[in-house]
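Please read these numbers as outputs of a predicted model, since none were measured by experiment. So you know, we letter chains A, B, ... as the sequences are listed, proteins then strands, and number each from 1.
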Protein chains: 2
Amino acid sequence: MASTVTDNERSTPADRRSRLRPGKNGKLALGPLPDLVGYNLRKAQVAVFQSFQNAVAPHDITPGQFGVLIMIRENEGLSQSDLGTAVGIDRSTMVAVIDRLESRGLVVRAPSPNDRRSYALRLSPEGQTLMDDLIPRVQAHDQGMVKDLSPEEQVQFIDFLRRVSRSK
Amino acid sequence: MASTVTDNERSTPADRRSRLRPGKNGKLALGPLPDLVGYNLRKAQVAVFQSFQNAVAPHDITPGQFGVLIMIRENEGLSQSDLGTAVGIDRSTMVAVIDRLESRGLVVRAPSPNDRRSYALRLSPEGQTLMDDLIPRVQAHDQGMVKDLSPEEQVQFIDFLRRVSRSK
DNA sequence: TATTGTTATACTCTATAACTATA
DNA sequence: TATAGTTATAGAGTATAACAATA
């Protein structure tokens, strides 16, 4: 109560406003949020996501699209369904994802030689060129995100993240 | 090359299928992803998000909604715009967020005493009751996510996350 | 002039259900 | 019968631009 402006004290209109509308002038109270792992994880992820966008801005690729392109690159000929399973999204969702990458000329829906129901996905030459340029860029960006951690701390950090993922 | 099935070796139809359609039977290659901080951060966040949903399933509250409710609880009377700024979303986006919470009877749009353009947001009695029940539940869940880390490691982990957020 | 809440609009991500072609 | 891709549909989350009321 010590720092609260009471009715008996003088208060400017700004005081009154800031008392009644917290956040207009000062910071808002965060309650228990700053102590939650989930809250800090979310904030870190948002920071990395935004920084990623900046770092690869000229190519207009999201982290999710980068992941999909990597999977296609590393597993040429895989189907949309298998890709969806691998990255954790439904096959109906995958349709539009591949639509976008295909319309940008990065991915090719080739006919599958064994199964006429499915496509064999692969990178187009443009997609391969893009990824050859993008991968080192993304790796450099990723290193930049942990530049304030010592090499030992970086190893520990990734280890912690993996242990949290596994504790599901 | 040692483990690759060559044309001269016998290959069952399943062999052929798995060679041509990686992922159908075995795991897919992940390339450089597992070494990226961003990839592991994302995976950990997805794990925490899903676990959160399970933990508070009966209340049907997302982590984002929980954050909004906390901010309203801790800063009673704040406006939609200030709330949006605090949680990093546009005021036009905040409209539907508050719409949902209000239609569920958790949040009240009270008239602002100073500014007839804006609302003074507060929790309804039901919203307060919900949060009294939810907060310890969320804190317990959050602890569960790092149960495989020692107390010292948990402190370190949050410290790492904050440093990554700041390195933006 | 600037700000608050709102609406219209648009785009991404996400899913479920049902359809077609194929296995 | 089961599976792959697709479409229709729906909901959440996100934004920008413009508007009315108010500051």
Which whole-number value in Å describes the distance from [X] [atom1] to [N] [atom2]?
| X | N | atom1 | atom2 | value |
| --- | --- | --- | --- | --- |
| B/Ile61 | D/dG13 | CD1 | P | 11 Å |
| B/Asp99 | C/dA8 | CG | P | 13 Å |
| A/Met94 | C/dT16 | CE | C1' | 17 Å |
| B/Asp115 | C/dA2 | CG | P | 17 Å |
| B/Gln53 | C/dA15 | CD | P | 13 Å |
| A/Leu83 | D/dT6 | CG | P | 12 Å |
| B/Ile98 | D/dT14 | CD1 | P | 13 Å |
| A/Leu101 | C/dC11 | CG | C1' | 15 Å |

Which nucleotide in D/dA4, C/dT4, C/dT6 has an atom nearest any side-chain atom of B/Val95
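Taking heavy atoms from C-beta onward, the closest nucleotide is C/dT6.
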
I want to check one thing: is the phosphate of [N], taken as OP1 and OP2, less than 4.0 Å away from some side-chain N or O of [X]?
| X | N | answer |
| --- | --- | --- |
| A/Arg117 | C/dT20 | no |
| B/Ser118 | D/dT22 | no |
| B/Arg100 | D/dG13 | yes |
| B/Gln65 | D/dG13 | no |
| B/Arg116 | D/dA23 | yes |
| A/Arg109 | D/dT6 | yes |

Which pair of heavy atoms, one from A/Ala44 and one from B/Val164, lies closest together, and at what distance?
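Smallest heavy-atom distance, with atoms named: CB-CG1, 4.3 Å.
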
May I ask you to say whether A/Arg73 pairs ionically with A/Asp132, meaning some side-chain N is under 4.0 Å from a carboxylate O?
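Between A/Asp132 and A/Arg73 there is a salt bridge, with a charged N closer than 4.0 Å to a carboxylate O.
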
Donor-acceptor pair, side chain of B/Ser167 and main chain of A/Met145, under 3.5 angstrom:
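Checking the backbone N and O of A/Met145 against the side chain of B/Ser167, a donor-acceptor pair under 3.5 Å is found.
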
Within the distance-only criterion (no hydrogens, no angle test), does the side chain of B/Glu153 pair as donor or acceptor with the backbone N or O of B/Ser150 below 3.5 angstrom?
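Flag set: sc B/Glu153 to bb B/Ser150 pair under 3.5 Å.
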
Identify all pairs in which a protein N or O lies below 3.5 Å from an N or O of nucleotides 15-17 of chain D, and state each distance.
from	atom 1	to	atom 2	distance (Å)
D/dA15	OP2	B/Asp90	N	2.9
D/dA15	OP2	B/Thr93	OG1	3.1
D/dA15	N7	B/Thr93	OG1	3.4
D/dT16	O4	B/Ser92	OG	2.8

List in chain and number order the residues that pass side chain to side chain contact (heavy atoms under 4.5 Å, CB included) with B/Arg91, two or more places apart in sequence or in another chain; answer none if no residue qualifies.
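Testing B/Arg91 for side chain to side chain contact (heavy atoms under 4.5 Å, CB included), a comparison that skips the adjacent residues, returns B/Ser81.
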
My understanding is that only residues two or more places apart in sequence, or in another chain, count here; which of them pass side chain to side chain contact (heavy atoms under 4.5 Å, CB included) with A/Val95?
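Here the qualifying residues are A/Gln80, A/Asp99, A/Arg109.
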
To the nearest 0.5 Å, tell me how far A/Ile135 CD1 sits from A/Leu130 CG.
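One gets 9.0 Å once the value is rounded to the nearest 0.5 Å.
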
